[in-house]
Amino acid sequence: MTLEVRVSEPLTIMAVHAHPDDESIGTGGILARYADEGVRTILVTCTGGEVGEIADAAMATPDNLADIRERELRLACEILGVAHLELLGYRDSGMVGTPDNEHPRAFARTDLDQATGQLVALVRRYRPQVLVTYDENGFYGHPDHIQANRIAARAFRLSGDPSAYPEQSLEPWTPRKLYYTAVARSRMAQFGERLAAHGIEPPLGDQQGEGDADVPPFGTPDELVTTVVDVGPYVERKRRALWAHATQMGPNVFFAKMPPPLFAELFGQETFQRVESRVEAPVPEADLFAGLR
Ligand SMILES: [Zn+2]
C-alpha cells in the first residue's frame, strides 16, 4: 500500500465537533498551534447548539440562541485562526432522555448515511491528512458527541473509497490518521484534585463513571493515550476562544470559576488516542502530524 503524501498537498487538519464551544474546550490549543505552524485548520460543527445555556437573559432567547452561538463560534474561530468553518446544520439533541432528542432535525437521530455523506464531501474537498473527533462515548455520553464520533469514523473509512457516495463527483481522499480526544483517567483524577484544591466542583459532578452501570467511566485508560501535544504557548488563546462563547460562560460554569493560572496548568496539554494510522509513526508521539512531515 503506497500512500505517499503529495508534496503539493498542504498539511490539513479537520476537527469534527458537535456543538459550538466544543472546539475550544477539546481542541482549541491544537487548532491555534497548527494554524500558527501554517497547517490549514478546518472545523466542522454539526449542530447549532440550540439547547445550550443562556448565561444572561439579555444575551439571547431560546429562539435566537443558535444565531447568537454561530456569532460566538465565528469569533472563537478568528481567535484560533481556523481557516474554514463548516456547519452541518443539524439541531442540538440535548442531553440523553430529554424531549429535544425527538426533534425531527436532532443530530443524534439523523440518518447516519446522509450525515456521513455530508462529512465525506467535506473530507474530499479539504483533503485533511488528520481527522479528530470524540471517542465512541462522546467523552461523557452526549448523544450528539456520539453521533459526531460515528460520522467521523465512518468518513475516515469511506472518503477514499470511490464506490462510496459516487454521486458527489468528488475525487476520493484518504485521510491518514484518525484521533479521538482523550483525557487519561489518571489525569481526570488529578484534574478533580486540582479543582477541589481551589474549591471548585468538577464539571461532571459525582458521576465520574463509578457506581452507575449505564455510564462508562469518563476518561480514557492511560495506556490508550498515544499523543500528548504541548499547547502551553496557546493556552491563553484557547481561553479567549472559550470565553467568546459568552452565552455558555455563566458564573456557575466551572471554567468561569477557574483563575487563569489554573486554567493554563490544566489545559496546557491536549491529549489524544490515535485510533488509526495509515502512516508509520511510533507512539507515543507529540504531534498529530508525526510521520506526515
Ligand atoms: Zn458538546
Side-chain angles (χ1 to χ4, degrees), residues 14-31 42-55 60 62 65-77 80 82 85-101 103 105-110 115 118-119 131-153 179-183 188 191 202-205 207-209 215-216 218-220 238-239 241-250 252-256 267 270-273:
M14 179 180 280
V16 181
H17 282 290
H19 311 107
D21 80 2
D22 292 324
E23 80 295 333
S24 299
I25 296 168
T27 53
I30 56 160
L31 288 171
I42 316 295
L43 171 62
V44 178
T45 303
C46 300
T47 80
E50 288 83 350
V51 187
E53 304 292 321
I54 298 178
L65 182 59
D67 293 337
I68 304 291
R69 294 195 72 179
E70 184 180 330
R71 254 183 268 162
E72 294 174 343
L73 177 59
R74 291 190 186 281
L75 177 58
C77 285
L80 298 174
V82 169
L85 168 66
E86 294 285 348
L87 304 172
L88 292 194
Y90 292 100
R91 190 178 189 277
D92 192 336
S93 311
M95 287 304 289
V96 89
T98 61
D100 293 293
N101 295 177
H103 192 282
R105 279 176 42 243
F107 181 47
R109 52 170 284 171
T110 192
Q118 279 179 276
L119 190 58
L131 214 52
V132 182
T133 189
Y134 318 98
D135 64 22
E136 292 95 342
N137 185 40
F139 183 61
Y140 71 110
H142 193 296
D144 289 332
H145 288 228
I146 293 171
Q147 188 78 328
N149 163 277
R150 288 194 191 118
I151 68 166
Y179 289 93
Y180 295 165
T181 50
V183 182
M188 292 282 295
F191 200 91
L204 302 166
Q207 46 162 333
Q208 297 277 337
V215 184
F218 294 122
T220 301
K238 173 175 169 142
R239 208 176 74 88
L242 185 53
W243 256 255
H245 297 279
T247 54
Q248 307 309 300
M249 286 293 142
N252 293 324
V253 172
F254 91 102
F255 290 117
F267 290 98
E270 285 177 355
T271 52
F272 302 87
Q273 177 184 0

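Just so you know, these numbers come straight off a predicted model, no measurement behind them. Sequence positions, counted from 1, serve as the residue numbers for this chain. Indexing begins at 1, ligand by ligand and atom by atom, following the structure's order.
Between Thr45 and Glu70, every side-chain heavy-atom pair lies at or beyond the 4.5 Å cut-off. Residues Val16 and Cys46 meet the side-chain proximity criterion, which asks for heavy atoms closer than 4.5 Å. Taking the side chain as every heavy atom from C-beta outward, Leu87 and Leu73 approach each other to under 4.5 Å.
In this structure, a donor-acceptor pair under 3.5 Å is absent between the side chains of Thr110 and Gln147.
Protein N/O/S atoms closer to the Zn ion (ligand 1) than 2.8 Å number 4 in this structure.
Between His142 and His19, the ring-plane angle classifies as perpendicular under the 30° and 60° cut-offs.
In this view, Arg109 and Glu102 satisfy the salt bridge (Lys or Arg N to Asp or Glu O under 4.0 Å) rule, not counting sequence neighbours.
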